[in-house]
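The block underneath contains the structure these notes are about, expressed in C-alpha cells.
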2 protein chains.
Amino acid sequence: MEDGKITMPINSFEHYTLTWKPDKKKLARPYYQSIASLLEQDIVAGFLMPGTKLPPQRELADFLDLNFTTITRAYKLCEMRGLIYAITGNGTFVAPNAAQSITISTDRTKNSIDLGFVASFEQTNSELTETIQKVASKNYLPELLNYNDPTGLPHQKAVALNWMSAFGIQATPEQLAIVSGAQNALAIALTALFEPGNRIATDLYTYSNFIELAKLLHIQLVPVAGDQAGMLPAALEKQCSQIQVHGIFLMPSCSNPTTVMMTDTRKQELASVIRRNNLILIEDDMHAFLTAGILPDYRQPLSNLVPETSVYICGTSKSICSGLRVAYIVFGQHMREMILRTIFNINVKTSALDAEIVTELILSGKAQQIASQKKELAQIANELYYEFFPSEKNSGHPLSFYRWLPIPQQEDPLQLVSELTKNGIRVFHSNRFLSGQPNSEHYLRIALSTASSMDELAIGLTILKEHLL
Amino acid sequence: MEDGKITMPINSFEHYTLTWKPDKKKLARPYYQSIASLLEQDIVAGFLMPGTKLPPQRELADFLDLNFTTITRAYKLCEMRGLIYAITGNGTFVAPNAAQSITISTDRTKNSIDLGFVASFEQTNSELTETIQKVASKNYLPELLNYNDPTGLPHQKAVALNWMSAFGIQATPEQLAIVSGAQNALAIALTALFEPGNRIATDLYTYSNFIELAKLLHIQLVPVAGDQAGMLPAALEKQCSQIQVHGIFLMPSCSNPTTVMMTDTRKQELASVIRRNNLILIEDDMHAFLTAGILPDYRQPLSNLVPETSVYICGTSKSICSGLRVAYIVFGQHMREMILRTIFNINVKTSALDAEIVTELILSGKAQQIASQKKELAQIANELYYEFFPSEKNSGHPLSFYRWLPIPQQEDPLQLVSELTKNGIRVFHSNRFLSGQPNSEHYLRIALSTASSMDELAIGLTILKEHLL
DNA sequence: CGATTTGTACCTCTACATTTT
DNA sequence: GAAAATGTAGAGGTACAAATC
C-alpha cells in the first residue's frame with residue numbers, strides 16, 4: 001500500500017517527521033478506538049502541547065496501513081472529548097484546554113485575591129434577611145413545600161414577567177418557567193433542544209461554563225468572529241452556509257468575557273440570519289439589569305426579534321442574590337413541551353421557597369434596591385480599574401462585573417497565570433474562553449465583583465499591574 | 001442490484017407486504033436521515049402502532065435499492081430518539097411509548113383523584129414552618145446566599161453523613177455532594193459518567209423518569225429479568241457477556257414500580273457480577289428510610305459492596321419534604337472530579353438555604369419525626385389498599401408509597417387508563433415503566449401517597465376496584 | 001486563480017453474534 | 001443442533017468542500 005506512493009518520494013521520509021507517531025505495536029482492533037485512546041493518553045500526559053498540529057489523516061493512515069477514514073473516526077472521537085479540533089483544509093490540532101478542565105472554579109484558594117471567578121458583590125446578601133423572615137412567616141408556606149406547579153406558582157410567574165418587562169420581554173405564563181439558576185437554564189435548553197453532535201455558533205470568546213457544558217453534552221461549538229458591536233452577521237451566515245449549524249448562543253447585553261454590548265442594529269441583522277438559517281437562539285441575558293434602561297440605545301433583547309425560535313434566560317444570581325439559584329426562562333410555544341419535559345427530568349422542579357423569596361424581593365422593591373447597590377459597586381470597581389489601566393477606558397460595557405484586559409503575546413499562558421497565583425491573585429487567561437482555535441491575541445479576564453472589598457480589589461489590581469509591567 | 005436475487009424469487013412479491021413502506025419519491029440524500037424522519041413522522045402520527053414489527057433492514061434496503069447498512073443507520077437514529085427498539089435475530093419494533101411522552105406528570109387534572117404520580121404524603125409539610133423560621137433567624141444567614149461551598153457547607157455535609165449512617169453508608173465529606181433532589185442526582189450521574197450510546201442495565205420494569213432521562217441523554221437501557229429478591233445475577237451476567245454494558249441502575253430498598261426489596265444475598269451476588277464486568281452502579285436509595293432498620297434482614301446498601309465504582313443517591317424528598325429539592329450523592333473517589341464538574345455545569349450549586357433547612361430538620365430531630373409520620377401514613381394507606389385487594393397482601397415492600405397491581409391482559413392499555421381517567425382516577429399502566437419490549441403481563445402502579453386524605457384514597461380505590469371487576 | 005492539501009459526509013462491504021426455525 | 005433470519009461493529013471507498021499555496 002505504501003509502496004505505491006511514487007508521486008511522493010519524500011513521503012516515506014516524512015514518516016519519520018510525523019508530529020505524533022502512535023506505537024504500532026500497541027494498536028489493536030478496533031483501530032479507531034485504539035488510536036483515540038493512545039492520542040488521549042499522550043495529550044493528557046502533556047507530550048502533545050496545546051496547539052500542536054497532528055499528522056493529516058491520510059499521512060497517519062499511510063503510516064499505520066489503514067484507510068484514512070479510520071483516522072477520521074479516531075480523530076472525531078477525540079474531538080468529541082474536547083481534546084482536539086480540526087479545520088478543513090488546514091489540519092487537526094491539540095485543543096487549548098485539552099489537558100486541564102476549565103471549571104472547578106469555586107475552590108477559592110484561601111489567602112488569595114480572586115480576580116478569576118465572577119461573583120456578584122456578595123456584600124449585598126445581608127440585605128435579604130428581613131425578606132426571608134417575612135416569607136418564612138407566610139401562612140401559605142406549606143404550599144411552597146410540595147410537588148405542585150413545577151414551573152413556578154402563578155403569582156411567582158406573574159412577578160417574573162413583570163420583572164422582565166423592564167428589559168422588553170413580553171410573554172405569557174405558558175412560555176415561562178422558573179429554573180434553578182442561569183447555568184441550570186443553559187443545561188436544560190441544550191439538553192432539550194439539541195442532540196449530541198449538533199453545532200452551536202458562539203462568539204470566538206465565550207462564557208467558559210457554556211464551553212464546558214457543551215463539551216459535557218457532546219455539542220460542538222462553531223466560533224464566529226465579531227467586532228465592537230457584537231457577532232458579525234456575515235461571518236455567521238458564512239459558517240451556516242458551510243456546515244449545518246443548529247443553534248446560536250449569545251449574551252448581547254454584555255458578552256462574557258469580552259464585555260461587548262450588541263447594538264440594536266446588529267441585533268436586527270443577526271435576527272435575519274438566524275431566521276434564514278432556522279437557528280435556535282439561546283440568549284443569556286443575566287446582565288439585562290445593567291444594560292436595559294441604562295444604555296441610551298438599548299431597545300430590546302434579541303429574542304424579541306425571533307420569539308418563536310428562541311430561549312431567553314434571565315438569571316437573578318447576578319442582579320439579586322447568587323445563592324438562591326433562581327432564573328427565568330422564556331421560550332417559543334413549540335419548544336414548550338420539550339423544555340418542560342427536560343425540566344422535569346433534570347430538576348423535577350425548582351425550590352418554590354427560593355422562588356418565593358425572589359418574588360417577595362421583587363414585589364417589595366428590595367430587589368431593585370439591591371440591583372442598584374450592585375450597579376453602584378460595579379461603577380466604583382470599574383473606576384478603580386481604570387485608575388490602574390487608564391487606556392482601557394471606553395471599551396465595552398461601562399458597568400461590567402469583569403474586564404477584558406489585552407496583554408502581550410505569551411510564550412506559555414499557563415505560566416503567566418500560575419505566576420500570578422504565586423503572587424496572590426487568581427485571574428483567567430483568554431484561552432479558557434476560546435470556543436475555537438487560539439490566535440495571537442491574548443487577554444486576561446479580571447473579575448471586579450468577587451473581592452470582598454474595594455480595598456482588596458485595589459491590592460489585587462496593584463499586584464496585577466506590577467506583574468504585567 | 002435486485003436482479004441478482006435468484007435464490008429468493010418470493011422476494012419481489014414480499015415487497016408488497018412490508019409492514020412499513022416509505023414513499024420512494026420523498027427520499028432524498030442523505031438517505032438515512034430521510035428514512036429516519038419519514039419513519040418518525042409515521043410513528044408520531046400513529047400510523048405505526050407500538051409493537052409493530054418493522055421490515056428487516058435487508059428487505060427495506062432491497063425495496064429502496066440501498067445497502068442494508070444504510071437502513072441500519074436510519075433505524076439507529078430512530079432508536080436513539082426512543083421511537084423504536086431492535087432485537088438481534090428477531091427484528092425491529094415500534095417502542096411502547098413512542099408516540100407520547102411518559103412524563104409531564106404533575107399537571108394534575110383537577111377534580112380527579114391522583115393514584116398515578118407518587119407524592120410523599122404532603123400532609124406533613126406544615127410541620128416545617130417552625131424550622132424554616134428558625135433558619136431564617138440564624139445570624140449566619142448571609143453566608144448561605146453566596147457562591148461558596150458548591151457541594152454543601154461542611155456542617156451540612158457532616159449532618160448528611162450522619163443521616164445516611166443509619167442506612168449503612170460510610171464516606172468522607174470529599175465523597176459527598178449535596179444536589180437538588182434525587183432526579184437531579186440521576187441527571188448529574190448519567191451526564192458525568194456516561195456518553196451517548198452507552199448502555200445501562202435496569203430492571204425490566206424501572207422508574208419511568210429514569211427511562212425518560214436516559215432517552216433524553218441518548219443512553220440505552222438494557223432490560224434484565226428479576227424475581228422477588230431483585231434482579232437476577234445470571235441474567236445480568238449474560239447481558240454483559242453479549243453486549244458492552246457500562247452501568248447498572250438499581251433501587252434495592254424498594255424498586256419503583258414493582259416494590260421488590262432486594263435481599264442481602266442477592267446484593268452480594270450482584271456485586272460480584274458488577275465488579276467482574278466493571279459496571280458503574282447508580283443506586284437510588286430514596287426509600288432507605290422505609291427499609292433500613294425496619295426490615296429484619298436489611299444489612300446495607302449495594303453501594304457498600306462496590307464503593308469505588310458506585311454512585312449512591314439519597315433523596316430527602318420522600319422522607320422529609322418534597323419541595324425543598326435536596327439529595328445527597330456519595331461517589332467513589334475516582335469519579336469525584338467528573339461529578340463535581342458536572343454539578344458545576346448543571347447546577348452551579350444547590351441552594352444552601354434549602355440544604356440548611358434540611359440540615360436543621362435533621363439536627364433538631366424533626367426530620368426523624370416527619371419520616372415516622374410518613375411511615376405511619378404509609379402503613380395506614382397500605383392497610384386500606386389490602387382491604388380492597390386482599391390477595392395482594394405479602395407481596396413486595398410492606399410500607400411502599402405505591403403498589404403494583406396485576407391486571408388481566410389488555411387489548412389496548414391506553415384505553416383502560418383513559419377510561420379510568422374518565423371515571424375520576426389517574427393511574428399509570430405498566431407499559432410506562434418498561435425498559436424493554438412489552439410482554440403479556442400487565443400491571444397498574446397505584447400511588448398511595450398522593451391523595452390528599454385517606455378518605456380520598458378510599459374513594460379512588462373504590463372506583464378502581466369497581467372498574468376492574 | 002487553479003492545483004494541492006486536508007477534513008467531512010455518507011454510502012458500501014465484510015465478518016460476526018444472536019435468535020428463531 | 002444446523003440453517004436461516006436478523007441486527008451490530010468495524011473498516012473501506014467516493015465525492016466533495018474549505019483552506020492554502
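Below, each value reflects all heavy atoms present in this structure, side chains not excepted, and no hydrogens, waters or symmetry copies. We name chains A, B, ... by the order of the sequence lines, and we start the count at 1 in each one.
A straight line from CG of B:Asp65 to C1' of C:dT12 spans 14 Å, rounded to a whole angstrom. For the pair A:Phe93 CZ and D:dT20 C1', the interatomic distance rounds to 11 Å; values are reported in whole Å. Across the protein-nucleic acid pair, A:Ile87 atom CD1 and D:dC21 atom P stand 13 Å apart, rounded to whole Å. Per the geometry, CD belonging to A:Gln220 stands 11 Å off C1' belonging to C:dT8, to the nearest Å. Rounding to whole angstrom units, OH of residue A:Tyr75 and C1' of C:dT8 are separated by 15 Å. Atom CZ of A:Phe68 and atom C1' of D:dA15 are 10 Å apart (whole Å). Distance A:Leu77 CG to D:dA9 C1': 13 Å, rounded to the nearest Å. Taking atom CD of residue A:Gln239 and atom C1' of nucleotide D:dA19, one finds them 13 Å apart after rounding to whole Å.
Remark on DNA chain D: of its neighbouring residues A:Thr69 and A:Thr88, the 5'-side contact belongs to A:Thr69, judged by nearest-heavy-atom nucleotide. Both A:Lys238 and B:Gln57 sit near DNA chain D, but only B:Gln57 has its closest nucleotide nearer the 5' end.
Side-chain contact between A:Leu250 and A:Leu270: present, with at least one pair of heavy atoms (C-beta onward) separated by less than 4.5 Å.
Separation of atoms CG (B:Leu27) and CG (B:Leu64) is listed at 5.5 Å; rounding is to 0.5 Å. Atom-to-atom distance recorded for A:Ile282:CD1 and A:Leu190:CG is 6.0 Å, nearest 0.5 angstrom. Taking OG1 of A:Thr52 as the reference point, atom CD1 of A:Ile84 lies at 11.5 Å (rounded to 0.5 Å).
As judged by a 4.0 angstrom heavy-atom cut-off over every strand, A:Thr72 is placed among the base-contacting residues. Counting non-hydrogen atoms under 4.0 angstrom, A:Thr70 reaches the backbone sugars and phosphates but no base.
Annotation: A:Tyr205 is in aromatic contact with A:Tyr443 [ring centroid separation under 6.0 Å].
For B:Asn90, a side-chain nitrogen or oxygen approaches OP1 or OP2 of C:dT20 to under 4.0 Å. The phosphate of C:dC11 has neither OP1 nor OP2 within less than 4.0 Å of any side-chain N or O from B:Tyr32. Listed pair A:Asn67 / D:dA11 fails the phosphate criterion, with no side-chain N or O lying under 4.0 Å from OP1 or OP2.
Candidate nucleotides D:dA15, C:dC10, D:dT8 were compared by shortest atom distance to the side chain of B:Pro30, and C:dC10 ranks first.
Side chain A:Arg73 to base D:dG10: no donor-acceptor pair is found below 3.5 Å.
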